[in-house]
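In what follows, a structure is listed as structure tokens, so that the remarks can point back to it.
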Protein chains: 2
Amino acid sequence: MRSLAHPALHDITLAGILHALSDETRVAIFAGIAGSACAQRCAAYATVSEKPVPKSTLSQHFKALREAGLIRSERQGVAMHNTSRCAEIETRFPGLIPAIIGAYLAEAESR
Amino acid sequence: MRSLAHPALHDITLAGILHALSDETRVAIFAGIAGSACAQRCAAYATVSEKPVPKSTLSQHFKALREAGLIRSERQGVAMHNTSRCAEIETRFPGLIPAIIGAYLAEAESR
DNA sequence: TTCGATAGTTCCGGAAACTAGAACTATTGA
DNA sequence: TCAATAGTTCTAGTTTCCGGAACTATCGAA
């Protein structure tokens, strides 16, 4: 397995973030990771919003979030530990992630 | 020309907004419209960030912004008047658009 | 009322991106 | 060494995106 690529903070772009989060499944995964105190395994999201997500698709989604700079993934034994990079991003784009998470929660609640 | 479709406020989705703004050209156009007091013609964005944008592509971009609910377009004689729907969206997703515009400006400034 | 100019839209083919099944790789525990 | 677990990569079918060419709508002459 090749080493996982994480962009440096200054390589994270707004368009990249918005694109990564413009997918229902990915924004749900990211909200879950960002809202959790502890690291999350990929497999924790084998079903998202009551829909099963195939393994390969899930892997692609995590890759997209990783390459956008939204999460950090580290192998821990056989599993993967995923944590959000919210704090870092906050220094570059203050208020952006909280606003998106807020909108996500508002939308989820109204459904 | 068929009448232009604008989604109702409650049909505007977060994913739709993020997708529409996940394109460099579109977010630049939207920031221009949102930051302007008066309505903007499509042709005002025939070049964005010093890159020329083909007419057909520009039309598609405006359509994407319109269908995401971000702008309102009305024919005014031979031209189109485009205005942002920021105020409406603010009631549904408070703080979202300002945060994105802020991030866009921060990124534009750092380049 | 026809002609020309202007401003967008639609059509369409090639390019790029997304989805998900199948096969593969890495790590751990028996 | 083997089996199980957790992800990744390969690949093909589908969908979406880009931009040139052709089309439509509106207005202002003449």
Side-chain angles (χ1 to χ4, degrees), chain A residues 1-6 13 15-30 32-33 38-68 70-83, chain B residues 1-6 13 15-30 32-33 38-68 70-83:
Chain A
M1 190 177 305
R2 64 174 181 104
S3 71
L4 297 169
H6 293 93
T13 66
I17 290 176
L18 298 187
H19 176 252
L21 297 181
S22 70
D23 179 280
E24 304 275 8
T25 306
R26 279 198 299 264
V27 73
I29 293 172
F30 180 67
I33 294 174
C38 55
Q40 302 272 294
R41 300 179 315 137
C42 296
Y45 298 92
T47 74
V48 172
S49 310
E50 294 166 22
K51 270 192 302 183
V53 182
K55 251 167 77 137
S56 62
T57 304
L58 198 60
S59 180
Q60 296 290 351
H61 283 326
F62 272 88
K63 185 181 181 189
L65 291 171
R66 196 156 55 228
E67 294 185 345
L70 287 163
I71 63 172
R72 194 173 288 285
S73 308
E74 283 171 292
R75 177 172 277 280
Q76 213 83 39
V78 76
M80 211 72 160
H81 272 198
N82 298 287
T83 49
Chain B
M1 188 179 305
R2 53 159 196 118
S3 69
L4 296 168
H6 293 91
T13 67
I17 290 176
L18 298 187
H19 176 252
L21 298 180
S22 70
D23 179 278
E24 304 274 7
T25 306
R26 278 196 301 262
V27 72
I29 293 172
F30 180 67
I33 294 174
C38 55
Q40 301 274 293
R41 297 181 315 138
C42 296
Y45 298 91
T47 74
V48 172
S49 309
E50 291 165 23
K51 270 192 301 182
V53 182
K55 251 167 75 138
S56 61
T57 304
L58 198 60
S59 180
Q60 297 289 351
H61 283 327
F62 272 88
K63 185 180 179 188
L65 291 172
R66 197 158 52 227
E67 294 186 344
L70 287 163
I71 63 172
R72 194 173 288 285
S73 308
E74 283 170 293
R75 178 172 276 280
Q76 214 81 38
V78 78
M80 211 72 161
H81 272 196
N82 299 286
T83 49

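In what follows, chains are A, B, ... by sequence order, proteins preceding strands, each numbered from 1.
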Show which side-chain atoms of residues 39-50 of chain A pair as donor or acceptor with protein atoms under 3.5 Å away, not counting sequence neighbours.
from	atom 1	to	atom 2	distance (Å)
Q40(A)	OE1	Y45(A)	OH	2.8
Q40(A)	NE2	S36(A)	OG	3.0
Y45(A)	OH	I33(A)	N	3.4

Could you list the donor-acceptor pairs under 3.5 angstrom formed between side-chain atoms of residues 15-24 of chain A and any protein atom two or more places apart in sequence or on another chain?
from	atom 1	to	atom 2	distance (Å)
S22(A)	OG	H19(A)	O	2.7
D23(A)	OD1	T25(A)	N	2.9
D23(A)	OD1	R26(A)	N	3.1

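When all heavy atoms of L70(A) and F30(A) are compared, the pair lying nearest together is O-CE1, 3.3 Å.
In this entry the distance linking CG of L4(B) with C1' of dT24(D) reads 13 Å, nearest Å. Counting to the nearest Å, the C1' atom of dT8(D) and the CE atom of M80(A) are 9 Å from each other. As rounded to whole Å, 9 Å separates atom P of dT9(C) from atom CG of L58(B). Nucleotide dC11(C) holds its C1' atom 15 Å from the NZ atom of K55(B), rounded to whole Å. With rounding to whole Å, E67(A) atom CD is found 11 Å from dC18(C) atom P. Rounded to whole Å, atom C1' of dA7(C) lies 16 Å from atom OH of Y45(B). The distance from atom CD of E74(A) to atom P of dA6(D) is 19 Å, rounded to the nearest whole Å. Protein atom CZ of R66(A) is 13 Å distant from nucleotide atom C1' of dT9(D), rounded to whole Å.
Taking 4.5 Å as the limit, every side-chain heavy atom of L65(B) sits out of range of all side-chain heavy atoms of H61(B).
Atom CG of L4(A) and atom CD of E67(A) lie 9.5 Å apart (nearest 0.5 Å).
Between V53(A) and S59(B), it is S59(B) whose nearest contact on DNA chain C lies nearer the 5' terminus.
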N/O contacts under 3.5 Å, protein versus nucleotides 16-18 of chain D?
from	atom 1	to	atom 2	distance (Å)
dC17(D)	OP1	H19(B)	NE2	3.2

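Qualifying side-chain hydrogen bond (donor to acceptor under 3.5 Å, both in side chains) partners for S73(B), counting only residues two or more places apart in sequence or in other chains: R66(B), N82(B).
When distances are taken from the side chain of S56(A) to each of dA6(D), dT9(C), dA22(C), the shortest belongs to dA22(C).
Contact annotation: R75(A) does not reach the phosphate of dT28(C) (side-chain N/O to OP1 or OP2, under 4.0 Å).
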Q: Encode nucleotides 1-6 of chain C as B, S and - characters from 5' to 3', where the letter depends on protein heavy atoms closer than 4.0 Å: B to the base, S only to sugar-phosphate, - to neither.
A: -----B
